[in-house]
Amino acid sequence: MQERHVDVAIIGAGSAGLGAYHAACAHTNSIVLIEGGPYGTTCARVGCMPSKLLIAAADAAHHARDAGAFGIHLDGHIRIEGREVMARVQRERDHFVAGVIDSVEEIDAAQHLCGHAIFEDHNTLLIDDHTRVHANRIVIATGSSPDFPDVLKAAGERLVTNNDLFYWDDLPESVAVFGPGVVGLELGQALSRLGVRVRMFGIGGAVGPISDPNIRDYADQQFNKEFYLDPEAQTRNVGLVDDRVNITFVERNSGHEITESFDYLLAATGRPPNLEGLEIDRADLRMDEGVPVFDRYTLQCQRRDGTPASIFIAGDANAELPLLHEASDEGRIAGDNAGRYPNIRAGRRRSMLTVVFTDPQIAAVGQTWADIEKRPCDSYAIGEVNFEYQGRARVMRQNHGLLRVYGEQGSGRFLGAEMFGPQAEHLGHLLAWCHQQHMTVAQMLEMPFYHPCVEEGLRTALRDLNACLKQGPAMAQHCMETGPGS
Ligand SMILES: Cc1cc2nc3c(=O)[nH]c(=O)nc-3n(C[C@H](O)[C@H](O)[C@H](O)COP(=O)(O)OP(=O)(O)OC[C@H]3O[C@@H](n4cnc5c(N)ncnc54)[C@H](O)[C@@H]3O)c2cc1C
Ligand SMILES: NC(=O)c1ccc[n+]([C@@H]2O[C@H](COP(=O)([O-])OP(=O)(O)OC[C@H]3O[C@@H](n4cnc5c(N)ncnc54)[C@H](O)[C@@H]3O)[C@@H](O)[C@H]2O)c1
């Protein structure tokens, strides 16, 4: 067993761990970055990038199918070559992974270590059975992994997660998706648009991260126009018959119990943080629901007795906002503080922004409906736009969806928004930038809005909100002042 003594040990060379490494380097070169799996990050290997590549192919198929509505006929039928689709996904994915691996290879070999880390005590890690690392400070950046209930294990080798799907050589005929969360919706809709028969089963009624019930119901109906989705499914049985997954469920509309057979069961039922395999109970950390208690501005954990720990936690591992840009920010803050410890600093946290790359897209900014509804009901107002009537969205045949914006009574401050609609990735950014600037709804309305753009729909929602906040005139029903359909 090798013994190593370092200032800073970082567990996990994902997006958070790499950010932590670079930030800690500004303070010390006595660092070790420990990775137990393949290099390349979840984002590039099995997460953000391959999922968006699959969605890009699905979008191409969708636009080809929809072209007839514009008078553009592709004559005959469109042909989707599953092998070519998956080959492009993998080729481009490998390009992104290679970029990450190149950046890891630039790190001094003495500063990285391969193996699975477990805690021996607050300041000591065991790496497999080959190295003991004594570290003055430790950053936990171990990410998260797919998890699923035992009942789905009946699908045997036909049970897949996002860790497997991007390695398929070809597209299957059919997939049952369990979990209409972010992963399930993105991958399920993409597969459906690529000609795969998809059925999607949820529990508890959730549709992605949408908390606003009006938007959730709209999204539920819209997705059901494309593929079967039951957010409150009654699944009676999952079994493997002749190497196929048989699922017995109560059909949502008819109420009849039916059994359908699928090539695969995709489990997208959540991603808990990778903490179990860390022997974290030996680290003397105060825990809350299985996750160390930490300060979101410094990423510092607490010891069991409530005193500050010399351990920091960043990225999906802390289960706060499992998103790429949050993992990078948190990694930098945690690494900087591990490097400068005990003289730690609060890092800059940005306004919350989440985007789901379905079509229509989903976005949430700042405070969501779930946050707003906890306030006294006379302290906030809600503005809304329905994109079915929005000019530019209609021009593009993307006129589906709902945007709801939330504002504070009295101050007129913009609090947050939820959206299911066209170009939510872009409107979400505009809204997040305004939120971070603590702008009022009136100030947001002073900004330019071009015609004819989807942003005009945002303006309609903001005007509606401003009127409800009693800071602006009541909404006119058919106002042509700013052009048709605006
Ligand atoms: C299908 C999918 C699509 C996604 N799409 C998006 C998107 O579009 N936009 C977005 O913002 N986010 C997206 N995400 C989320 C995003 O990928 C994650 O938030 C981000 O990758 C988390 O980075 P991380 O550094 O915390 O974890 P990771 O990149 O997973 O890094 C953790 C590392 O720690 C290592 N490790 C774990 N335990 C140990 C141990 N005990 N010892 C040593 N090493 C260990 C692991 O091997 C891993 O390499 C997506 C996720 C999925 C699954
Ligand atoms: N576009 C993006 O930014 C993006 C894309 C993918 C993933 N991510 C991140 O990854 C995280 C994890 O995503 P996820 O989709 O795995 O988790 P999730 O928590 O978003 O969704 C899990 C879903 O599974 C459902 N579920 C749980 N148990 C079930 C069961 N037994 N049967 C049927 N449904 C069940 C839940 O109700 C929920 O709807 C997300 O929170 C997100 O932050 C982000």
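Fair warning: this is a prediction, and the values are worked out from it, not measured in the lab. Worth knowing before you read on, the calculation uses all heavy atoms, side chains too, and leaves out hydrogens, waters and symmetry mates. Nothing fancy with the numbering, it's 1 onward along the sequence. Read the numbers this way: they start at 1 and go in the same order the structure lists the ligands and their atoms.
Proximity of Asn162 to ligand 1, defined as any heavy-atom pair under 4.0 Å, is confined to the side chain (atoms from C-beta onward). Residue contacts with ligand 2 for Val355 involve N, CA, C or O but no side-chain atom from C-beta outward (heavy atoms, distance under 4.0 Å). With a 4.0 Å heavy-atom cut-off, ligand 1 is reached by the side chain of Ala327 but not by its N, CA, C or O. Looking at Tyr39 against ligand 1, nothing comes within 4.0 Å, counting heavy atoms. When heavy-atom distances to ligand 1 are checked against a 4.0 Å cut-off, Ser51 comes that close only through its side chain, counted from C-beta outward. Only backbone heavy atoms of Phe201 (N, CA, C or O) come within less than 4.0 Å of ligand 2; its side chain stays farther off. Contacts between Leu323 and ligand 1, counted as non-hydrogen atom pairs separated by less than 4.0 Å, involve both the backbone and the side chain. Contact annotation for Ala141 and ligand 1: only backbone heavy atoms (N, CA, C, O) come within less than 4.0 Å of the ligand.
Residue contacts with ligand 1 leave out Gly40, since none of its heavy atoms falls under 4.0 Å from the ligand. For Thr354, the heavy-atom gap to ligand 2 stays at 4.0 angstrom or more. Taking 4.0 Å as the cut-off, Gly204 does not count as a neighbour of ligand 2 on heavy-atom distance. The shortest separation from a heavy atom of Glu326 to ligand 1 is not under 4.0 Å, leaving the residue out of contact. Not a single heavy atom of Glu330 sits less than 4.0 Å from an atom of ligand 1.
The nearest protein atom to atom 13 (O) of ligand 2, hydrogens excluded, is given as Val183 CG2, 3.5 Å; this is a heavy-atom distance. Counting only heavy atoms of the protein, atom 4 (C) of ligand 2 lies nearest to Val182 CG1, 3.2 Å. Regarding atom 17 (O) of ligand 2, its nearest protein heavy-atom neighbour is Gly270 CA, 3.4 Å. At the shortest separation from atom 42 (C) of ligand 2 among protein heavy atoms lies Pro322 O, 3.6 Å. Counting only heavy atoms of the protein, atom 12 (C) of ligand 2 lies nearest to Arg271 CD, 3.6 Å. In this structure, the protein non-hydrogen atom closest to atom 37 (O) of ligand 2 is Ile203 O, 3.5 Å.
The aromatic rings of Tyr228 and Phe249 lie tilted to each other, with the angle between the two planes from 30° to 60°. Between Phe178 and Phe201, the ring-plane angle classifies as tilted under the 30° and 60° cut-offs.
At least one side-chain heavy atom of Ile311 sits less than 4.5 Å from a side-chain heavy atom of Phe119. Side-chain contact check for Thr248 versus Asn246: every heavy-atom pair is 4.5 Å or farther apart.
Applying the 4.0 Å criterion to heavy atoms of Ala16 picks out, from ligand 1, the atoms 25 (O). For ligand 1, the atoms lying closer than 4.0 Å to a non-hydrogen atom of Val46 are 1 (C). Listed by number with element, the atoms of ligand 1 under 4.0 Å from a non-hydrogen atom of Lys52 are 5 (N), 6 (C), 7 (C), 8 (O). Residue contact check: Gly315 has heavy atoms under 4.0 Å from atoms 26 (O) of ligand 1. Heavy-atom contacts of Pro322 reach the following atoms of ligand 1: 15 (C), 19 (O) (cutoff under 4.0 Å). Against a heavy-atom cut-off of under 4.0 Å, Arg271 is close to the following atoms of ligand 1: 53 (C). Listed by atom number, the atoms of ligand 1 under 4.0 Å from Leu278 heavy atoms are 41 (N). Each of the following atoms of ligand 1 lies closer than 4.0 Å to a heavy atom of Leu324: 10 (C), 11 (O), 12 (N), 19 (O).
The residue from Gly143, Cys48, Gly47, Gly14 that puts a heavy atom closest to atom 14 (N) of ligand 1 is Cys48. Considering each of Gly181, Gly179, Gly47, the one bringing a non-hydrogen atom nearest atom 21 (O) of ligand 2 is Gly181.
For residues 3-22, the pairs satisfying salt bridge (charged side-chain N to carboxylate O under 4.0 Å, His left out) are Glu3-Arg132, with sequence neighbours left out.
Annotation: cation-pi pair Arg197/Phe262 present, NZ/CZ under 6.0 Å from the ring centroid and within 45° of its normal.
In this structure, atom 25 (C) of ligand 2 is in close contact with the protein, since a protein heavy atom lies within 4.0 Å of it.
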